[in-house]
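Here the structure comes first, spelled out in structure tokens, and everything after it is commentary.
Whatever order the structure lists them in is the order used to number ligands and atoms, beginning at 1. Model, not experiment: these values are computed from the prediction.
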Amino acid sequence: MIIFKFGGASVKNAQSVKNIAGIIRQAPGPLIAVVSAMGKTTNRLETILEKGINNSGEYKELMEELILDHLDLISKLIPDPTHPLFEEVRFLFLQAANMLKTYEGKEYNFIYDQVVSVGELVSTKIVSTWLEYSGISNHWVDIRQILKTDSSYREAIVNHEISASLCRNMFQASNPPCFITQGFIGSDMKNHTTTLGREGSDYTAALLADYLDAENVTLWKDVDGIFNADPARFSNVRKIDTMDYQEVIELTYYGAKVIHPKTIRPLFEKRIPLFVKNFNAPEKSGTAVGKTGFSENRDSFIIVLENQLLISVSKNDLSFISELNLSYLFDLLHSFRLKANLMQHSAVSFSFCVDTPKGKAVKELIVKLQKEFKVLYNTNLLLITVRNYSPELIHELIGNKNVLVEQRSRQTVQFVIA
Ligand code: ASP
Ligand code: MG
């Protein structure tokens with residue numbers, strides 16, 4: 001079995017759906033294709049959810065637009081307007097919109113998962129139907145029946161024991177040997193839909209590979225592989241041909257957006273090779289991720305995170321920040337689904353950098369912190385991380401920018417910049 005993962009950009013329009021069908025057709029053997037929501041669908045569903053929860057009627061229009069965009073895409077694949085796929089897709093979206101009413105007043109993270117998950121259900125229906133239509137038989141699998149999680153909505157923890165055995169049953173050798181399924185979503189023990197965190201489809205692909213002892217995993221992207229810096233931000237970037245698991249884990253930990261941070265561990269344990277390839281140029285070699293020592297000569301990697309919020313907390317009476325304070329703090333961050341991208345401790349204060357939460361959540365976070373601590377914060381900062389740095393590179397990147405925090409170890413340096 002091999003696993004392919006197709007991200008949103010690889011299914012953003014009818015042409016791209018046809019393109020990935022071509023890639024699937026050429027696959028050498030039994031295959032599972034994990035497909036993300038199309039284009040920016042997940043972001044759009046987040047906006048719809050936001051508006052719906054805040055009782056802005058606008059959510060209905062936005063939902064209708066999203067439906068029409070999908071129907072339009074389908075009509076470019078399947079000219080027959082009576083094909084059942086049109087109704088099926090409309091129904092799935094309307095069902096998601098109804099969840100806003102059904103679950104009104106329930107916990108935000110729970111509603112989020114019920115609504116936002118529809119993006120992957122729809123995209124996989126479309127891809128599966130198109131493949132069938134163009135002569136590639138396949139099974140559409142609702143992964144929620146086999147990927148079981150706890151109930152930490154929006155960041156659900158997968159139960160590997162149950163999921164692995166359900167997956168092995170589901171993905172047995174079959175004829176046709178091609179399965180189409182969703183990434184990012186699962187379900188809890190009460191069969192409510194859960195999600196694994198944004199960009200979680202990479203992680204799903206890795207889990208399936210682990211459970212099924214797959215031969216390899218390919219993440220199909222709109223770039224030629226993993227680069228030593230974001231090609232959209234820097235010129236002079238270099239595509240990396242081979243990397244070891246360890247180095248990729250480090251990069252994703254510091255926020256490199258190439259791969260979801262949880263993807264590597266399941267692959268590493270079984271030494272399952274991972275390829276990152278360009279769906280627009282499948283003949284190119286891409287980046288291969290594998291065993292220790294696989295990394296080429298020590299490349300410098302640059303990771304830039306935008307829109308960072310730097311928060312410093314201290315106790316009003318200048319007492320030390322205790323383990324108990326820290327545990328309160330991390331629980332609070334977790335409840336906002338935030339991760340500390342950088343931390344610094346001094347005698348009486350603790351500073352950390354997080355992605356700025358969306359909308360009203362920023363204010364809520366600060367207010368909650370102020371209940372326990374004296375709080376200082378700066379908004380709209382950049383966090384620059386350099387792995388395998390050199391003085392020249394740092395000079396080039398930082399120059400005389402206003403550095404608020406700097407942290408240096410032998411391999412890694414991080415700067416928070418105003
Ligand atoms: N569609 C989800 C997202 O955009 C999951 C994924 O693409 O991996 O975050
Ligand atoms: Mg995506």
Side-chain angles (χ1 to χ4, degrees), residues 3-13 16-17 20 32-50 62-63 66-67 69-70 73 89 92-93 96 108-109 111-128 141-144 147 149 152-158 180-187 193-209 217-223 226 232 248 252 255-267 274-279 305 307 337-339 355 357-358:
I3 317 284
F4 280 175
K5 181 260 172 168
F6 293 102
S10 69
V11 285
K12 68 169 193 266
N13 56 36
S16 41
V17 173
I20 71 157
I32 302 174
V34 172
V35 182
S36 290
M38 301 181 137
K40 295 275 172 248
T41 300
T42 308
N43 291 349
R44 292 171 72 180
L45 286 165
E46 284 185 347
T47 308
I48 290 167
L49 174 74
E50 223 47 66
L62 294 176
M63 185 55 108
L66 186 60
I67 295 176
D69 285 348
H70 278 78
L73 182 153
V89 164
L92 282 168
F93 276 123
Y108 173 81
N109 293 337
I111 307 178
Y112 178 102
D113 286 0
Q114 310 319 304
V115 174
V116 170
S117 50
V118 70
E120 341 293 293
L121 294 175
V122 166
S123 66
T124 50
K125 278 277 175 208
I126 296 176
V127 169
S128 167
V141 172
D142 184 342
I143 198 132
R144 295 174 300 176
L147 201 80
T149 71
S152 334
Y153 300 106
R154 275 181 74 201
E155 205 183 1
I157 308 286
V158 176
I180 306 298
T181 196
Q182 307 78 36
F184 175 58
I185 69 177
S187 75
T193 304
T194 54
T195 67
L196 310 178
R198 284 303 306 267
E199 307 302 332
S201 302
D202 294 354
Y203 179 44
T204 307
L207 288 177
L208 295 181
V217 177
T218 306
L219 308 179
W220 293 95
K221 300 195 143 270
D222 56 358
V223 287
I226 299 178
V248 180
T252 59
K257 294 283 183 287
V258 271
I259 298 178
H260 186 278
K262 285 184 176 171
T263 310
I264 298 298
R265 193 206 43 84
L267 300 177
L274 171 74
F275 302 99
V276 180
K277 287 175 60 115
N278 190 337
F279 55 75
L305 298 182
N307 203 12
R337 300 293 182 259
L338 290 171
K339 168 180 164 291
D355 294 347
K358 287 207 183 111

Where on E120 is there a heavy atom closer than 4.0 Å to ligand 1, on the side chain, on the backbone, on both, or on neither? side chain

Which of D113, L196, T193 passes side chain to side chain contact (heavy atoms under 4.5 Å, CB included) with T149? Answer is L196

Could D355 and K339 be called an ion pair, given the rule that one side-chain N must be under 4.0 Å from one carboxylate O? no

Salt bridge or not between R198 and E46? Use side-chain N to carboxylate O under 4.0 Å. yes

If the cut-off is 4.0 Å to any non-hydrogen atom of [X], which atoms of ligand 1 fall inside it?
X    : result
R198 : 3 (C), 4 (O), 9 (O)
S36  : 6 (C), 7 (O), 8 (O)
S201 : 5 (C), 6 (C), 7 (O), 8 (O)
T42  : 1 (N), 2 (C), 3 (C), 4 (O)

Are any of the N/O atoms in F184 less than 3.5 Å from those in ligand 1? no

Pairs of nitrogen or oxygen atoms closer than 3.5 Å, one from D202 and one from ligand 1: do any exist? no

Any G200 heavy atom less than 4.0 Å to ligand 1: yes

Test side chain to side chain donor-acceptor pair (under 3.5 Å) applied to E50 and Y108, step by step: CA-CA 10 Å; E50 223 47 66; Y108 173 81; 3.1 Å; yes

Which heavy-atom pair separates S152 from R337 by the least distance, and what is that distance? C-NH2, 3.9 Å

Mutual orientation of the aromatic rings belonging to Y203 and H260 [parallel < 30°, tilted 30-60°, perpendicular > 60°]: parallel

